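In what follows, chains carry the letters A, B, and so on, assigned in the order in which the sequence lines appear, proteins first and then strands, with residues in each chain numbered from 1. Treat the numbers as computed from the prediction; the structure is a model and nothing was measured.
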There are 2 protein chains.
Amino acid sequence: MQQSLSRDEKRQQKLHVILSNAAKEFIVRGYYKTSLDDIARMQNVTKPTLYYYIKNKEDILVKCEQITCEKINAMLDMVMARDTSSLDILHAFINEYIKIITDDVARCHVRHRGQMENKELARQSIKNHKDIEFRVREIIRRGISDGSIRDCNSTILAILLFDSLNGLTSWYHSDGQVTLDELAEEIMALVTKGVSGK
Amino acid sequence: MQQSLSRDEKRQQKLHVILSNAAKEFIVRGYYKTSLDDIARMQNVTKPTLYYYIKNKEDILVKCEQITCEKINAMLDMVMARDTSSLDILHAFINEYIKIITDDVARCHVRHRGQMENKELARQSIKNHKDIEFRVREIIRRGISDGSIRDCNSTILAILLFDSLNGLTSWYHSDGQVTLDELAEEIMALVTKGVSGK
DNA sequence: TAATTATGTTACCATATGGTAACAATATAT
DNA sequence: ATATATTGTTACCATATGGTAACATAATTA
């Protein structure tokens, strides 16, 4: 039983390596330009071996999505339980979201969300994101109620916020000039104060 | 000569129809899932006919980009020539940018920018966008100088702004609930005032 | 009218790639 | 040790698709 667990762990680990490598490659070369042979080669295995860990190519996207959405929703659970102003909660959310999204698997999900060829999978993918967006909208709505957030169209604000945050996946790399904290600071300032001078 | 001009015009028109139809399809179905046969069928022609108007499939992306970047740069010329505060200029830019970007060809460009398989074309595509981003950064820098924009990292701000604006291409459709003016208003408010209540 | 140029078609190919069947080998459990 | 489930390989196929050559036709020009 001890051994059987370890086998299962190994399996999980290997799956994770496959997902991260595939995700990284999907990001830099694109989903369709990255073949399953390419991905297999990175693991030093052959293509059919991949099918022991994934159902098909699209399943890689689905799995990246599941992992990422679970993280985000768990984080939202934590953050929304706080007993502070909704603006503070929004702050915390942005901070944590940036941390989560700066990861190849998450990046891959953001970049390919809703783009599965299987209609049902695509629908589900869009719903997953909409659910998260809805929860953030709820934070904003509460903020408008408690006065910590100015009166605005919460739907549009949530979308704009996500566009900015998700946009990070295209340009931010942790080895670059800007540190994660500095970035979060700058986004916070933009979101709370806007750009106009005093 | 009169006739030869008309022939040239026809050619331009047909090219434009090809580009818009292809662009629309690339957006909804994706670049790789849309075949040249598909695109040809929309024009009621056959695939080889397309090659009279475009060099190859990727050339569609390139042409969409050229058209869009020309529009944006011309708009920037206009807007930056204004004799008002830089914050006003930024306002005007956002307004006009939204108008330009709400168009299938522009949408297609935004969604596929820098994703050409040909390395040199991809490089050029990224440069085109960086040039535009640089001009907006210049507006922000001037705004910081004249005090109309608060002191901030102009690079990050420009990127965040573009992410929000370009994100529109993924969700905004002119037939939806939100009107273009309302949308511009909301973005303006977010950019200038931020979200915090008074 | 004759010659030339622009526009379009049919038929075809080379290639890449997702996916599978059949077959080995290796570890685990009894 | 033996049976079983797991993990992996080689060989293969069906299909889609970007691109081209050769051929046909309509429009301009001389």
Asker: Run through A:Val105, A:Ile18, A:Leu15 and flag the one making a side chain to side chain contact (heavy atoms under 4.5 Å, CB included) with A:Lys63.
Answerer: A:Leu15
Asker: Which nucleotide in the set C:dT7, D:dG18, C:dG18 lies at the smallest distance from any side-chain heavy atom of B:Tyr53?
Answerer: C:dT7
Asker: Whole-Å distance between C:dG8 C1' and B:Leu50 CG?
Answerer: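 B:Leu50 atom CG is separated from C:dG8 atom C1' by 11 Å.
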Asker: Using a strict cut-off of less than 4.0 Å between a Lys/Arg side-chain nitrogen and an Asp/Glu carboxylate oxygen, indicate whether B:Arg135 and B:Glu138 qualify as a salt bridge.
Answerer: no
Asker: Nearest whole Å is fine: how far is D:dA16 P from A:Lys57 NZ?
Answerer: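 Distance, rounded to whole Å: 16 Å.
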Asker: Is the shortest distance from a Lys or Arg side-chain nitrogen in A:Glu117 or B:Lys33 to a carboxylate oxygen in the other one below 4.0 Å?
Answerer: yes
Asker: Let me spell it out: for each of B:Arg11 and A:Tyr51, pick the nucleotide of DNA chain C with the closest heavy atom. Which residue's pick is nearer the 5' end?
Answerer: B:Arg11
Asker: Roughly, in whole Å, what's the span from CG in B:Asn44 to P in C:dT7?
Answerer: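 My rounded result for the distance is 18 Å.
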Asker: From C-beta outward on B:Thr49, which listed nucleotide comes closest to its side chain: C:dG19, C:dT9, D:dT9?
Answerer: C:dT9
Asker: Round to a whole Å and report the spacing from OH of B:Tyr52 to P of C:dT7.
Answerer: 3 Å
Asker: Side chains of A:Asn166 and A:Tyr97: do they bring a donor and an acceptor to under 3.5 Å?
Answerer: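 Judged by distance alone, the side chains do pair up.
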Asker: How would you label the contact of B:Lys14 with the nucleic acid (heavy atoms, under 4.0 Å): base, sugar-phosphate, or nothing?
Answerer: sugar-phosphate
Asker: Using heavy atoms and a sub-4.0 Å distance, could you list which residues of residues 19-38 of chain A are near DNA chain C? By number, please.
Answerer: A:Thr34, A:Ser35, A:Leu36
Asker: Measure from the side chain of A:Pro48, starting at C-beta and using heavy atoms only, and say which of D:dA11, C:dT9, C:dT7 lies closest.
Answerer: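 Per side-chain heavy atoms of A:Pro48, the pick is D:dA11.
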Asker: Return yes if some donor-acceptor pair links the side-chain N/O of B:Asn73 with the main-chain N/O of B:Cys69 below 3.5 Å, else return no.
Answerer: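 Pair found, side chain donor or acceptor close to backbone of B:Cys69.
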Asker: In terms of ring plane angle, is the pair A:His112 and A:Tyr31 parallel, tilted or perpendicular, where the classes change at 30° and 60°?
Answerer: tilted
Asker: Any idea which of D:dG18, C:dT10, C:dG18 is nearest the B:Thr46 side chain?
Answerer: C:dT10
